[in-house]
Amino acid sequence: MKVQTAPAVLWLQLAPDGHYRLLQRDAGRSLLGRLPAHGRLDEALREAGLPALCVERLLDLMRAGSSNAWPIRLPDATGRAVELLLSTSPPVRPPGPPEAPADAAPDAAPDDGSVQALVTLTPLAAIEHRGELADTDTEIATGADADADRRPVRLRLDAQARLLQIDGPWAAVVGLAPEACIGRPLADALAPQAVGTWQGLLARARAGTLDALDRRQPMPLRPQPGSLRWIEFSALHWHAGDGPSAGGWEACFSEITTNVRQQQLQHIRERALDLTGAGVVVIDAMSPRHPMVLVNRSFCRLTGYDESAILGRSLRFFTGIPNGQEGAATLDQALREGRAAGAVVASHRRDGTPYWAQFTLTPFHDPDNGLLTHVVAVLADVTESRELIARLSQQSAMLHAVHHDNPNGLIAFDEQGGVCLQNAAVKTLTGLYLVGLTRRKCFEALAALADEGAPDLETGLERHGWLQWPVRQPRERVIELRRIQQDSRSAAMLLVLRDVTAETQLHQMQREFLATAAHEMRTPMTSIRGFAGLLLTEAVAPDVQRELIGRIHHQSLRLSQLLNDLLDVSRIEAQGQGGPLVLQDLALESEVQDVLRTLATPEAADRLQLRPAPRPLVVRSHRAKLTQILLNLVSNALKYSRDRVTVTLTFDPAEGCAHIAVRDQGVGLSQAMMSRLFTKFYRVDPDGATQGTGLGLYIARTLAEQLGGRIEVCSELGVGSTFTLTLPLAGPG
Ligand code: ADP
């Protein structure tokens, strides 16, 4: 890059306490001209017009013994903004006593650990062009080398701006022979859109109001095949003549096509950078604090901060909150080491909204010396994709749960009819791994689990969409198979396998229960009907009549007992599926005594004996249910024995339980009888001498379990039985 104005070079001596002495100043008086000969450097630079951020940075660099350069904008002596390159040389210790410069402060300390450094302010572009025609030889700021001819073209024009005289590389620049243009307006050589600008220039030059910046407006020439060239006037003067039609112009222009193109390209590059949507900041890697020195619009838009709030800060400003983020540490380290890196951090926009920021760092090295000069950080707002990923992983976890933790087996068939997926339950239910098998092989493998002669699976599914299928392997089960198919034209489908063994067993039991209940009722009903019919049709003697009515009464009692027990069974089973029972603390001994009192008919009273507990026992229980259990156990003991019945209360401190043992010396039970004792309708009464329904013990055991207890039996045929009810004690036993 070539420049027009001489740079300002300041040779400074900097003391450790921040004071400086201006040892020498070369040229560039218009830049930082107000800098005094000594003082505090930071204050002096700020007062001389250097922006605070630049001062901080300059001092940082000097303290760090580093050198760097960066572009700044500064008002010059006339107050006009000038683009400058501010640079500092690496500070060095002075070799010996410094030469006393003419304007040096007499009291400056020469040898106190001070360092010396050069600070240079180099103008980047011409702002004020004071020269007349002689100045037009000055080179254009940038990129003139590739243009047709860098020499200026000098012109004389008449009052109507027609060409009178042409000197210089006109043909090379304009593409027309000079002779062909003489006498024609210069405007003819310009592109149509530049004609207005040209006329404006002429008008202002004639009025004497044309300033240098106006004059330097790039103007496109009339396009030649394959090229569009640009020129810039470095001089345009009006000479008034003697007569009214006299007068004319002197002008000088140069070609600036390459320069314009570069500026256009630069502009497009900057626009393109803004259009990307990604935030871009350039970080000064040579400055110890790594300040951001360049920022694009997208970065400002994404973060909500404007350029002035970003420049000079470190990237930590955007990655440091909340503290201790792993991603922020990664970026910090990469910056320190000058490495490429990327990380996602939680950040906040200026208005406080949180977002996920993905930063990608790319180091830039000086192509000449390989030194790391800058790092480009690209920022992308990845909030949406982070949230999407989070949602997706949540969904996939749910799907995984649905798929894998589902107790039902799922077998998925793809478009080609092959098994593409099975969940864990399939293996549990069938013991098979079917993935990869064709549809036919899969059904063969499933069919092999059932007995020979089982209905054909595929046909059954085809016809009804589901079927129940008893298998023997890996153990006996009833599996319900259901086919789910979205599109009947596609082979893709889902097969759902459900273990319905318990359900089918329950249905079976209910059927059996109904059949048995009906059977049990039929016997007394038949007797009642038979005896009643006899009484109606036959003339029977009064004593026989009485006998028959007695039997009818007996059977109706049996029937009503059966109905009561059946109602109890259905109530108890329904309650088992209901909510928790409301329990209360009950003094066990008094509950047992109540039951014994109920059963102590005159004939039975002396057969009952209660052996009380060594200490009072309180159970957490339900009075009505406890009474029903005790009534059943004690009445059974009386029913199935003629001898003494002993009721003993004990407790087991280890398990916190109370035990109520009902012991009789009665008919007793064999092992085979005991194994079926608690099932519905089971009775041992070969001669039908004892009344009963065979539901009492089933009800008692179900109630005991509902109260958190159990009933155990110990018996010997012909010797007697002991039924023990165990219940949890209230509080610590
Ligand atoms: P039920 O007494 O109405 O027949 P249970 O369910 O109470 O019905 O008893 C079922 C069967 O268990 C009785 O029929 C009887 O054969 C046998 N059983 C119950 N308690 C005793 C006992 N203390 N001694 C001997 N057998 C008993």
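For clarity, every value in this text was computed on a predicted model and none was experimentally measured. Every number for a ligand or one of its atoms is a count from 1 in the order of the listing.
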Peer 1: Just which atoms of ligand 1 are under 4.0 Å from any heavy atom in N636?
Peer 2: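 Counting atoms of ligand 1 from 1, those under 4.0 Å from N636 are 2 (O), 5 (P), 7 (O), 9 (O), 19 (C), 20 (N), 23 (N).
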Peer 1: Could you verify whether a donor N or O on one side chain and an acceptor N or O on the other, from S490 and D487, lie under 3.5 Å apart?
Peer 2: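 The criterion, which ignores hydrogens and geometry beyond distance, is not satisfied for D487 and S490.
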Peer 1: So for F678, does at least one of its heavy atoms come nearer than 4.0 angstrom to any atom of ligand 1?
Peer 2: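 So F678 does not count as touching ligand 1.
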Peer 1: Side chains of H659 and T726: any donor to acceptor distance under 3.5 Å?
Peer 2: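 The criterion, which ignores hydrogens and geometry beyond distance, is satisfied for H659 and T726.
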Peer 1: With the threshold set at 4.0 Å, does a side-chain nitrogen-carboxylate oxygen contact exist between E458 and R439?
Peer 2: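 Result for this pair is yes, salt bridge flagged.
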Peer 1: Would you mind checking which non-hydrogen protein atom is closest to atom 24 (N) of ligand 1, with the distance to 0.1 Å?
Peer 2: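 Nearest protein contact, heavy atoms only, for atom 24 (N) of ligand 1 is Y640 CB, 3.4 Å.
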Peer 1: Of all the non-hydrogen atoms in the protein, which one sits nearest to atom 12 (O) of ligand 1, and at what distance?
Peer 2: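 Of the protein heavy atoms, L677 CD1, 3.3 Å lies nearest.
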Peer 1: If we count only N and O atoms by modelled type, under 3.5 Å, do the side chains of Q508 and R511 hold a donor and an acceptor together?
Peer 2: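 Note: Q508 and R511 side chains meet the donor-acceptor criterion.
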Peer 1: Applying a 4.0 Å heavy-atom criterion (strictly less than), which segment of K639 is in contact with ligand 1: side chain, backbone, both, or neither?
Peer 2: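 Just the side chain.
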Peer 1: Nearest protein heavy atom to atom 3 (O) of ligand 1, by residue and atom, and its distance?
Peer 2: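 It is T693 N, 2.8 Å.
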Peer 1: Identify the protein heavy atom lying closest to atom 1 (P) of ligand 1, giving its residue, its atom name and the separation to 0.1 Å.
Peer 2: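 Closest protein heavy atom to atom 1 (P) of ligand 1: G694 N, 3.5 Å.
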Peer 1: How about N636 and K639: do any of their side-chain heavy atoms sit closer than 4.5 Å?
Peer 2: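 The answer is yes, as the side chains (C-beta and beyond) meet within the 4.5 Å cut-off.
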